[in-house]
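Lettering of chains follows the sequences in order, A, B, ..., and the numbering in each one begins at 1. In this text the structure is predicted, and so the values were computed from the model without any measurement. Only heavy atoms go into these numbers, but all of them, side chains included; no hydrogens, no water, no symmetry mates.
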Protein chains: 2
Amino acid sequence: MKGKYYELQENFGRHLKLLREERSLSLRDLSSLCELDSSKISKIENGKTNLQLSSIFELAKGLGIDPKELLDFKI
Amino acid sequence: MKGKYYELQENFGRHLKLLREERSLSLRDLSSLCELDSSKISKIENGKTNLQLSSIFELAKGLGIDPKELLDFKI
DNA sequence: TTAATTGTGGACTTTTAAGTCTACAATTAA
DNA sequence: TTAATTGTAGACTTAAAAGTCCACAATTAA
């Protein structure tokens, strides 16, 4: 099943992917800049994960942005 | 053990508590405005939980704020 | 053509959030 | 004083995130 928050996860993931591609980073690049496995990031980008606060902060660290920016997408 | 992200959780929790108290909401009040148990919210406010994306959005809904605002605290 | 890179998915274990409920001490209101 | 409210913690189950690793097809570079 897709789960109650699937749309939210999808929107988050789409936004994350944009932010990553804007910086011309591959999944493995981003992975090396934070403490998240590249396959995990792939799953997040594809809306498969309801990630935790800590992961949001890790991604922000890797992207070099304020964590708030990762929540800056339309629902 | 406190865990790797304990400080982050503490800061998030402190911030959440402020936002709730600014609105004069009790834990049970806030709980009734979102889909989170009041005892869960208590644990989040006290830095005991590395909450998920969906919970951040639930809290934002209950507080009537943009989810981004929940990440607007100093690390 | 060969070699490297890239995104993705699966397998698997361990950890923990979510969800639900109960209870209780301390504070506040009636 | 009594009753209600408030914050908190514990017990317990279920679901799933985290974490790690491997494999592979497709794309891109050498």
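- In this entry C/dT16 has D/dA15 as its Watson-Crick or G-U wobble partner, both defining distances falling under 3.5 Å.
- Side chain A/K17 to base C/dG7: no donor-acceptor pair is found below 3.5 Å.
- Taking the charged nitrogens against the carboxylate oxygens, B/E69 and A/K68 have no contact shorter than 4.0 Å, which rules out a salt bridge.
- Taking every heavy atom of residues 44-54 of chain A and every atom of DNA chain D, pairs under 4.0 Å involve A/K48, A/T49, A/N50, A/L51, A/Q52, by number.
- By the salt bridge (charged side-chain N to carboxylate O under 4.0 Å, His left out) test, A/E10 is found to be paired with no residue, residues two or more places apart in sequence or in another chain being considered.
- Contact of the B/E35 side chain with the A/K4 side chain is registered, since non-hydrogen atoms from C-beta on lie closer than 4.5 Å.
- Map B/Y5 and B/K43 each onto its nearest nucleotide of DNA chain D; the residue landing nearer the 5' end is B/K43.
- In this structure, the CG atom of B/L30 is 10 Å from the P atom of D/dG7, given to the nearest Å.
- A heavy-atom distance below 4.5 Å is not found between the side chains of B/T49 and A/L53.
- Rounding to the nearest 0.5 angstrom, the gap separating the CD1 atom in B/I41 from the CG atom in B/N46 is 12.0 Å.
- Contact annotation: B/S26 side-chain N/O to D/dT6 OP1/OP2 distance is under 4.0 Å.
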Give the B/S/- string for nucleotides 22-30 of chain D, one per nucleotide from 5' to 3', where a protein heavy atom under 4.0 Å of the base yields B, of only the sugar-phosphate yields S, and otherwise -. -B-------
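- Across all strands shown, the partner of C/dA30 is D/dT1, judged by Watson-Crick or G-U wobble contacts whose two distances both fall under 3.5 Å.
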